[in-house]
Amino acid sequence: MYLVIFDCDGTLVDSQETILHGLEVGFAAAGLPMPDRRTALSIVGLSLERAFLTLVGPENAHHVQAMADAYRTSKGERRGQGLDLDPLYPGTMEVLDRLSARDDVLLGVATGKARRGVDHMVEVHGLHGRFITIQTADTSPSKPHPDMILQALAETGAEAVNTVMIGDTSFDMEMAVAANVRGIGVTWGYHDRPRLEAAGAARVIDHFDELDGVLEQLFGFDRETA
(Lines give C-alpha, C1' and ligand atoms only; values in the text may rest on other atoms or scores of the structure.)
Protein backbone atom coordinates (compact mmCIF):
# COMPACT_ATOMS: atom_id res chain seq x y z
CA MET A 1 0.00 0.00 0.00
CA TYR A 2 1.09 3.52 -0.79
CA LEU A 3 0.36 6.37 1.61
CA VAL A 4 -0.06 9.88 0.20
CA ILE A 5 -0.24 12.54 2.92
CA PHE A 6 -1.39 16.08 2.19
CA ASP A 7 -0.90 19.33 4.04
CA CYS A 8 -4.03 21.54 4.09
CA ASP A 9 -3.45 25.32 4.08
CA GLY A 10 -1.56 26.32 0.96
CA THR A 11 -1.76 22.81 -0.49
CA LEU A 12 -5.40 21.70 -0.63
CA VAL A 13 -7.16 24.96 0.30
CA ASP A 14 -6.41 28.62 -0.35
CA SER A 15 -6.79 30.08 3.12
CA GLN A 16 -4.66 33.22 2.84
CA GLU A 17 -7.39 35.74 3.58
CA THR A 18 -8.95 33.84 6.49
CA ILE A 19 -5.52 33.21 8.06
CA LEU A 20 -4.62 36.88 7.74
CA HIS A 21 -7.90 37.85 9.40
CA GLY A 22 -7.19 35.48 12.30
CA LEU A 23 -3.66 36.83 12.69
CA GLU A 24 -4.97 40.39 12.73
CA VAL A 25 -7.36 39.45 15.52
CA GLY A 26 -4.50 37.87 17.46
CA PHE A 27 -2.20 40.87 17.11
CA ALA A 28 -5.03 43.25 18.05
CA ALA A 29 -5.70 41.21 21.20
CA ALA A 30 -2.07 41.70 22.24
CA GLY A 31 -1.91 45.34 21.18
CA LEU A 32 0.98 44.58 18.84
CA PRO A 33 1.45 45.82 15.26
CA MET A 34 0.53 43.35 12.53
CA PRO A 35 3.52 42.40 10.34
CA ASP A 36 3.43 42.81 6.58
CA ARG A 37 1.49 40.26 4.55
CA ARG A 38 4.51 38.30 3.31
CA THR A 39 6.01 37.98 6.79
CA ALA A 40 2.67 37.05 8.33
CA LEU A 41 2.01 34.27 5.82
CA SER A 42 5.53 32.86 6.07
CA ILE A 43 4.54 30.97 9.24
CA VAL A 44 1.62 29.07 7.71
CA GLY A 45 2.10 25.39 8.42
CA LEU A 46 3.35 25.79 11.98
CA SER A 47 1.08 25.13 14.93
CA LEU A 48 -0.66 28.29 16.10
CA GLU A 49 1.36 29.05 19.24
CA ARG A 50 4.64 28.41 17.46
CA ALA A 51 3.51 30.56 14.54
CA PHE A 52 2.71 33.53 16.77
CA LEU A 53 5.96 33.08 18.71
CA THR A 54 7.91 33.10 15.45
CA LEU A 55 6.24 36.35 14.44
CA VAL A 56 6.48 38.24 17.74
CA GLY A 57 9.82 36.93 19.02
CA PRO A 58 10.76 35.64 22.48
CA GLU A 59 10.53 39.12 23.99
CA ASN A 60 6.76 38.97 23.45
CA ALA A 61 6.30 35.30 24.33
CA HIS A 62 3.98 36.26 27.19
CA HIS A 63 1.41 37.44 24.60
CA VAL A 64 1.39 34.25 22.55
CA GLN A 65 -1.31 32.26 24.35
CA ALA A 66 -3.75 35.17 24.36
CA MET A 67 -3.08 35.74 20.65
CA ALA A 68 -3.67 32.08 19.83
CA ASP A 69 -6.84 32.01 21.93
CA ALA A 70 -8.18 35.11 20.16
CA TYR A 71 -7.41 33.55 16.77
CA ARG A 72 -9.25 30.33 17.67
CA THR A 73 -12.25 32.17 19.08
CA SER A 74 -12.52 34.29 15.94
CA LYS A 75 -12.28 31.22 13.72
CA GLY A 76 -15.03 29.45 15.63
CA GLU A 77 -17.34 32.45 15.49
CA ARG A 78 -16.78 33.04 11.77
CA ARG A 79 -17.37 29.40 10.88
CA GLY A 80 -20.58 29.51 12.89
CA GLN A 81 -21.62 32.45 10.73
CA GLY A 82 -20.90 30.54 7.52
CA LEU A 83 -17.70 32.47 6.83
CA ASP A 84 -14.11 31.27 6.30
CA LEU A 85 -15.08 29.04 3.38
CA ASP A 86 -11.56 28.55 2.02
CA PRO A 87 -11.71 27.37 -1.63
CA LEU A 88 -9.92 24.30 -2.93
CA TYR A 89 -7.01 24.98 -5.26
CA PRO A 90 -7.56 24.07 -8.93
CA GLY A 91 -7.20 20.34 -9.51
CA THR A 92 -7.52 19.38 -5.85
CA MET A 93 -10.81 17.49 -6.08
CA GLU A 94 -9.76 15.72 -9.26
CA VAL A 95 -6.50 14.44 -7.81
CA LEU A 96 -8.19 13.29 -4.60
CA ASP A 97 -10.82 11.47 -6.65
CA ARG A 98 -8.20 9.74 -8.81
CA LEU A 99 -6.05 8.64 -5.89
CA SER A 100 -8.91 7.56 -3.62
CA ALA A 101 -10.26 5.38 -6.45
CA ARG A 102 -7.09 3.27 -6.41
CA ASP A 103 -7.02 0.07 -4.41
CA ASP A 104 -3.33 0.48 -3.60
CA VAL A 105 -3.37 4.07 -2.27
CA LEU A 106 -4.34 5.44 1.13
CA LEU A 107 -4.78 9.18 1.66
CA GLY A 108 -3.92 11.14 4.77
CA VAL A 109 -3.62 14.66 6.15
CA ALA A 110 -0.86 16.18 8.27
CA THR A 111 -1.52 19.80 9.15
CA GLY A 112 -0.83 22.56 11.62
CA LYS A 113 -4.60 23.14 11.71
CA ALA A 114 -6.68 22.00 14.64
CA ARG A 115 -8.87 18.95 14.05
CA ARG A 116 -11.99 21.10 13.98
CA GLY A 117 -10.43 23.07 11.11
CA VAL A 118 -9.86 19.88 9.13
CA ASP A 119 -13.40 18.70 9.90
CA HIS A 120 -14.68 22.06 8.63
CA MET A 121 -12.72 21.66 5.38
CA VAL A 122 -14.03 18.12 4.90
CA GLU A 123 -17.62 19.22 5.52
CA VAL A 124 -17.51 22.31 3.31
CA HIS A 125 -15.97 20.51 0.34
CA GLY A 126 -17.62 17.11 0.69
CA LEU A 127 -14.38 15.22 1.35
CA HIS A 128 -15.93 12.66 3.67
CA GLY A 129 -14.21 9.29 3.57
CA ARG A 130 -11.23 10.49 1.54
CA PHE A 131 -8.64 10.48 4.34
CA ILE A 132 -7.93 7.35 6.31
CA THR A 133 -5.57 9.13 8.71
CA ILE A 134 -5.73 12.75 9.89
CA GLN A 135 -2.92 14.21 11.99
CA THR A 136 -3.27 17.70 13.46
CA ALA A 137 -1.69 20.15 15.87
CA ASP A 138 -4.09 18.93 18.56
CA THR A 139 -2.18 15.70 19.08
CA SER A 140 1.33 16.25 17.65
CA PRO A 141 4.21 18.70 18.01
CA SER A 142 4.45 21.44 15.41
CA LYS A 143 6.06 20.76 12.06
CA PRO A 144 8.83 20.10 11.18
CA HIS A 145 8.81 17.51 14.00
CA PRO A 146 8.15 14.13 12.28
CA ASP A 147 5.49 12.93 14.73
CA MET A 148 2.50 13.55 12.41
CA ILE A 149 3.97 11.38 9.68
CA LEU A 150 5.14 8.73 12.12
CA GLN A 151 1.65 8.55 13.61
CA ALA A 152 0.15 8.25 10.11
CA LEU A 153 2.51 5.37 9.33
CA ALA A 154 1.58 3.64 12.57
CA GLU A 155 -2.15 4.06 11.97
CA THR A 156 -2.11 2.81 8.38
CA GLY A 157 0.66 0.22 8.51
CA ALA A 158 2.28 1.82 5.48
CA GLU A 159 6.05 1.75 5.12
CA ALA A 160 8.10 4.93 4.90
CA VAL A 161 9.53 3.90 1.52
CA ASN A 162 5.98 3.81 0.13
CA THR A 163 4.92 7.16 1.60
CA VAL A 164 5.05 10.74 0.36
CA MET A 165 4.28 14.04 2.06
CA ILE A 166 2.81 16.73 -0.20
CA GLY A 167 3.03 20.31 1.04
CA ASP A 168 3.72 23.91 0.18
CA THR A 169 6.22 24.88 2.88
CA SER A 170 9.74 24.07 3.95
CA PHE A 171 8.22 22.84 7.23
CA ASP A 172 6.44 20.07 5.31
CA MET A 173 9.60 19.06 3.46
CA GLU A 174 11.72 19.11 6.63
CA MET A 175 9.11 16.98 8.38
CA ALA A 176 9.22 14.48 5.51
CA VAL A 177 13.01 14.26 5.67
CA ALA A 178 12.90 13.82 9.46
CA ALA A 179 10.38 10.96 9.05
CA ASN A 180 12.45 9.35 6.28
CA VAL A 181 9.73 9.73 3.63
CA ARG A 182 9.88 11.65 0.38
CA GLY A 183 8.48 15.15 0.15
CA ILE A 184 6.71 16.62 -2.86
CA GLY A 185 6.59 20.40 -2.78
CA VAL A 186 3.87 22.50 -4.43
CA THR A 187 4.54 26.05 -5.57
CA TRP A 188 1.05 27.55 -5.30
CA GLY A 189 1.20 27.95 -1.51
CA TYR A 190 3.42 29.93 0.84
CA HIS A 191 7.05 28.97 0.10
CA ASP A 192 8.76 29.14 -3.28
CA ARG A 193 10.56 26.41 -5.23
CA PRO A 194 14.12 27.25 -4.02
CA ARG A 195 13.02 27.14 -0.40
CA LEU A 196 11.18 23.83 -0.92
CA GLU A 197 14.18 22.29 -2.66
CA ALA A 198 16.58 23.56 -0.01
CA ALA A 199 14.38 21.91 2.64
CA GLY A 200 14.78 18.52 0.96
CA ALA A 201 11.89 18.17 -1.49
CA ALA A 202 12.33 15.11 -3.70
CA ARG A 203 10.18 16.77 -6.39
CA VAL A 204 8.41 20.12 -6.78
CA ILE A 205 5.29 20.62 -8.89
CA ASP A 206 3.51 23.72 -10.18
CA HIS A 207 0.05 22.18 -10.64
CA PHE A 208 -1.80 19.12 -9.36
CA ASP A 209 -1.92 17.77 -12.93
CA GLU A 210 1.77 16.95 -12.51
CA LEU A 211 1.28 14.79 -9.43
CA ASP A 212 0.34 11.57 -11.21
CA GLY A 213 3.56 11.63 -13.21
CA VAL A 214 5.66 12.28 -10.13
CA LEU A 215 4.03 9.44 -8.23
CA GLU A 216 4.67 7.15 -11.20
CA GLN A 217 8.36 8.06 -11.01
CA LEU A 218 8.62 7.67 -7.25
CA PHE A 219 6.44 4.60 -6.78
CA GLY A 220 6.56 2.95 -10.18
CA PHE A 221 2.80 2.55 -10.50
CA ASP A 222 0.78 3.53 -13.55
CA ARG A 223 -2.17 5.91 -13.85
CA GLU A 224 -4.77 3.17 -13.92
CA THR A 225 -6.66 2.11 -10.83
CA ALA A 226 -4.97 -0.92 -9.30
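All residue numbers in this chain count up from 1 along the given sequence. Note that the structure is a prediction, hence the values are computed from the model and not measured.
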Check: Are Arg37 and Glu17 ion-paired here, with the side-chain N under 4.0 Å from a carboxylate O?
Finding: yes
Margin query: Are there over 12 heavy-atom neighbours, none belonging to Asp206, within less than 6.0 Å of that residue's CG?
Written below: yes
Item checked: Under the ring pair (Phe, Tyr, Trp, His ring centres under 6.0 Å) test, residues paired with Phe208 that sit two or more places apart -> Trp188
Next item on the list: Inspect the contact between Asp138 and Arg116 and indicate whether a charged nitrogen and a carboxylate oxygen are less than 4.0 angstrom apart.
Entry: no
Could you pull out all donor-acceptor pairs under 3.5 Å where a side-chain atom in residues 160-167 meets a protein atom, sequence neighbours excluded?
| from | atom 1 | to | atom 2 | distance (Å) |
| --- | --- | --- | --- | --- |
| Thr163 | OG1 | Glu159 | O | 2.9 |

Next item on the list: Kindly write out the residues that satisfy side chain to side chain contact (heavy atoms under 4.5 Å, CB included) with Ser142, not counting sequence neighbours, or none if the list is empty.
Entry: Leu46, Ser47, Arg50
Next item on the list: Supply the atom-to-atom distance Leu23 CG to Ile43 CD1, rounded to the nearest 0.5 angstrom.
Entry: 5.0 Å
Item checked: Those residues that, when tested against Met93, pass side chain to side chain contact (heavy atoms under 4.5 Å, CB included) (two or more places apart) -> Leu88, Asp97, Leu127, Arg130
Notebook entry, point to check: What do the steps show when you test Val118 against Phe131 for side-chain contact (heavy atoms from CB on, under 4.5 Å), and what is the final call?
Noted result: CA-CA 11 Å; Val118 178; Phe131 305 112; 5.8 Å; no
Notebook entry, point to check: Out of Ile184, Leu106, Val105, which residue meets the side chain to side chain contact (heavy atoms under 4.5 Å, CB included) rule with Val4?
Noted result: Val105
Next item on the list: Taking atom types as modelled, find out whether Asp86 and Ser15 have a side-chain donor-acceptor pair closer than 3.5 angstrom.
Entry: no
Notebook entry, point to check: What distance do His120 atom NE2 and Leu85 atom CG have between them, rounded to the nearest 0.5 Å?
Noted result: 5.5 Å
Next item on the list: Just grab all the ring-ring contact (aromatic ring centres under 6.0 Å, His included) pairs involving residues 151-186, residues at least two apart or on different chains.
Entry: Phe171-His191
Checklist line | Nearest-0.5 Å distance, CD of residue Glu210 to CZ of residue Arg203 | finding: 12.0 Å
Throw together a table of side-chain donor-acceptor distances under 3.5 angstrom for residues 61-71, partners on residues two or more places apart or in other chains.
| from | atom 1 | to | atom 2 | distance (Å) |
| --- | --- | --- | --- | --- |
| Gln65 | NE2 | Glu49 | OE2 | 3.4 |
| Gln65 | NE2 | Asp69 | OD1 | 3.0 |

Next item on the list: Please name the residue in the list Thr169, Thr111, Asp168 that meets the side-chain hydrogen bond (donor to acceptor under 3.5 Å, both in side chains) test with Thr11.
Entry: Asp168
Margin query: Applying side-chain contact (heavy atoms from CB on, under 4.5 Å) to Glu155 and Ile132, what does each step give before you reach the verdict?
Written below: CA-CA 9 Å; Glu155 284 187 9; Ile132 193 169; over 6 Å; no
Checklist line | Asp36 vs Arg38, salt bridge (Lys or Arg N to Asp or Glu O under 4.0 Å): CA-CA, chis, key distance, verdict | finding: CA-CA 6 Å; Asp36 65 86; Arg38 182 173 182 178; over 6 Å; no
Check: Will you find, in the side chains of Thr92 and Glu94, an N or O donor that is under 3.5 Å from an N or O acceptor?
Finding: no
